[in-house]
Amino acid sequence: MAPTSPLGLFAVDDLIQDEDRAMRDTVRRFVDDRIRPEIADWYEAARIPARELAKELGSLGLLGMHLEGYGCAGTSATAYGLACLELEAGDSGVRSLVSVQGSLAMYAIYANGSEEQKQEWLPRMAAGDAIGCFGLTEPDFGSDPGGMRTRARRDGSDWVLNGTKMWITNGSIADVAIVWAQTDDGIRGFVVPTDAPGFSAPEIKRKMSLRASVTAELVLADVRLPESAMLPGAKGLSGPLSCLSEARFGIVFGALGAARDCLESTIAYAAERQIYGRSLSAYQATQLKLADMTLELGKGMLLALHLGRLKDSGALRSEQVSLGKLNNVREAIAIARECRTILGAAGITLEYPMMRHANNLESVLTYEGTSEVHQLIIGQALTGERAFR
Ligand code: FAD
């Protein structure tokens with residue numbers, strides 16, 4: 001019997017529109033040609049040619065791809081999700097570059113910015129000529145960003161920003177930072193050019209996860225900005241949270257890319273590996289693991305496509321995004337770890353993708369709302385009771 005791929009068994013392609021499938025195939029080719037040959041080296045060296053990649057991703061129309069106008073491709077949300085899946089099959093770091101650029105930095109400007117801010121930044125960001133980052137988390141405030149200490153105070157018509165942001169993806173390579181800060185009028189967002197005097201972004205080193213992604217601190221020391229730097233449309237914590245919901249949606253699909261890559265690589269390895277004179281894939285113990293992982297991958301994919309359709313119809317609620325993020329990242333990391341066991345010692349090296357994906361997924365489990373935070377969001381939806389504090 002000819003083997004079927006894990007998602008082929010679910011006939012997932014039949015659920016995807018032709019246009020979205022064509023776009024997905026383009027991204028898959030880009031990952032095969034550009035990311036796969038290099039990723040182990042980038043990961044080991046903890047270096048990624050982010051500027052070059054941004055331009056290439058921009059020329060493919062993948063930056064802010066589900067936004068309309070301003071040089072953005074205006075695809076469906078499902079197409080955006082499928083692109084995230086293919087990119088994360090390459091590496092979560094590459095998907096993070098695209099998520100932060102499109103769903104956090106560009107979306108913040110797109111949804112909340114003035115026309116002038118949109119014209120100034122979005123076309124360059126869509127093309128990959130300018131890189132954005134999104135500064136919400138602080139050293140003492142991660143899951144509870146409402147406590148943030150970064151402050152923006154008025155000085156005449158200017159704003160003056162002081163504070164520190166932590167764990168900021170793309171931070172040290174960004175041209176523009178979206179910085180969230182307390183003001184006398186509650187939390188507001190600011191569009192901060194990173195060459196503004198007083199702005200610095202030291203890179204965070206020695207990460208064991210997302211090594212092919214730039215992570216930095218943002219330090220704002222009396223950064224003076226004109227009145228026009230504030231995002232007029234975002235007031236209160238709902239501003240940054242709506243951006244997070246966009247990025248979480250991409251992760252619902254993205255994490256499955258990492259899981260699919262692990263599973264497909266494992267199936268190929270097990271077919272070749274001989275143990276006691278038989279192929280490892282001929283053993284029941286292997287097949288039971290592969291079957292269980294395929295079930296979780298396929299169920300996650302059906303959930304992602306369902307959420308994609310809800311988003312495309314405008315009906316997706318944020319607690320539904322939490323269902324997808326919680327389930328799909330949790331299952332993806334479990335699949336990566338289980339696949340690693342099938343490879344034995346070979347699974348711990350960068351010759352195979354399992355350990356790299358598993359390590360990356362540790363970050364994905366934590367950022368954009370930890371698993372526990374998403375459990376609490378779902379718990380609140382079920383009971384009506386807030387159990388965060
Ligand atoms: P904490 O909030 O200190 O959480 C510690 C533990 O407490 C977790 O297990 C958490 O689930 C649990 N916990 C928290 N609250 C509750 C509760 N109410 N009940 C029960 N348990 C709870 N942030 C940005 O703003 N921009 C970025 O670009 C960005 N990129 C990142 C890239 C990487 C590689 C990483 C690792 C993080 C990034 N982050 C970014 C930060 C990320 O969003 C935070 O790490 C995340 O929100 C968790 O915050 P924390 O690390 O401070 O953990």
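Small disclaimer: the values here were computed from a predicted structure and weren't measured. One-based numbering, in listed order, for ligands and for the atoms of each.
- Nearest non-hydrogen protein atom to atom 22 (C) of ligand 1 is Glu372 CB, 4.6 Å.
- Closest protein heavy atom to atom 2 (O) of ligand 1: Ser143 OG, 2.6 Å.
- Shown in contact with Phe388 at under 4.0 Å from a heavy atom are these atoms of ligand 1, numbered in order with element: 17 (C), 18 (N).
- Going from atom CD of Glu319 over to atom OG of Ser245 covers 9.0 Å, rounded to the nearest 0.5 Å.
- Other residues, nucleotides and ligands contribute only 12 or fewer heavy atoms inside 6.0 Å of the CD1 atom of Ile348.
- Checked by distance only, ligand 1 and Leu136 come closer than 3.5 Å through their nitrogen or oxygen atoms.
- For atom 38 (C) of ligand 1, the closest non-hydrogen atom of the protein is Trp167 O, 3.1 Å.
- Annotation for ligand 1: atoms under 4.0 Å from non-hydrogen atoms of Thr370 are 10 (C), 11 (O), 48 (C).
- Using a 4.0 Å cut-off between heavy atoms, Leu210 contacts ligand 1 through its side chain alone, with no backbone atom that close.
- Distance remark: protein heavy atom present below 4.0 angstrom from atom 30 (N) of ligand 1.
- The aromatic rings of Trp159 and Phe190 sit perpendicular to each other, their planes meeting at more than 60°, with 30° as the lower class boundary.
- Summarising the geometry of Ala126 relative to Cys72, their closest heavy-atom pair is CB-SG, 4.2 Å, with the distance given to 0.1 Å.
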Please assess Ser5 against Glu264 for the test side-chain hydrogen bond (donor to acceptor under 3.5 Å, both in side chains), listing each intermediate value before the final yes or no.
CA-CA 7 Å; Ser5 71; Glu264 288 182 349; 4.9 Å; no

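- In terms of protein heavy atoms, atom 50 (P) of ligand 1 is closest to Gly142 CA, 4.0 Å.
- Here Thr215 contributes atom OG1 and Asn170 contributes atom CG; the two are 8.5 Å apart, rounded to the nearest 0.5 Å.
- Atom CZ of Arg151 is surrounded by more than 12 heavy atoms from other residues, nucleotides or ligands within 6.0 Å.
- Here the shortest heavy-atom pairing between Ala50 and Leu97 reads O-CD2, 4.2 Å.
- Against a heavy-atom cut-off of under 4.0 Å, Ile168 is close to the following atoms of ligand 1: 24 (C), 25 (O), 26 (N), 27 (C), 28 (O).
- Of all atoms in ligand 1, listed by their number and element, those nearer than 4.0 Å to a heavy atom of Tyr367 are 31 (C), 32 (C), 33 (C), 37 (C), 38 (C), 42 (C), 43 (O).
- Taking CD from Glu86 and CE from Met23, the interatomic distance works out to 8.0 Å, rounded to the nearest 0.5 Å.
- Distance check: Asn112 CG to Lys235 NZ gives 13.5 Å after rounding to the nearest 0.5 Å.
- Those atoms of ligand 1 with a heavy atom of Ser363 less than 4.0 angstrom away are 34 (C), 36 (C).
- Summary of contacts: the protein heavy atom closest to atom 20 (C) of ligand 1 is Leu376 CD1, 4.1 Å.
- The ring pair (Phe, Tyr, Trp, His ring centres under 6.0 Å) pairs that include a residue from residues 240-260 are Phe249-Phe253, where partners are two or more places apart or lie in different chains.
- For atom 43 (O) of ligand 1, the nearest protein heavy atom lies under 4.0 Å away.
- Looking at atom 45 (O) of ligand 1, its nearest protein heavy atom turns out to be Thr366 CG2, 3.6 Å.
- Atom 16 (C) of ligand 1 is not flagged as protein-proximal [any protein heavy atom, distance under 4.0 Å].
- At the shortest separation from atom 25 (O) of ligand 1 among protein heavy atoms lies Thr137 N, 2.8 Å.
- Note that Arg278 lies in the cation-pi zone of Tyr283, set by a 6.0 Å cut-off to the ring centre and a 45° limit from the axis.
- For atom 32 (C) of ligand 1, the nearest protein heavy atom (residue, atom name, distance) is Thr169 OG1, 3.3 Å.
- Shown here, atom 6 (C) of ligand 1 is out of close reach of the protein: none of its heavy atoms lies under 4.0 Å off.
- There is a protein heavy atom less than 4.0 angstrom from atom 34 (C) of ligand 1.
- Partner of Glu362 under the salt bridge (Lys or Arg N to Asp or Glu O under 4.0 Å) criterion, chosen from Arg356, Arg337, Lys207: Arg337.
- Residue Phe134 approaches ligand 1 through these ligand atoms, each under 4.0 Å from one of its heavy atoms: 24 (C), 25 (O), 26 (N), 27 (C), 28 (O).
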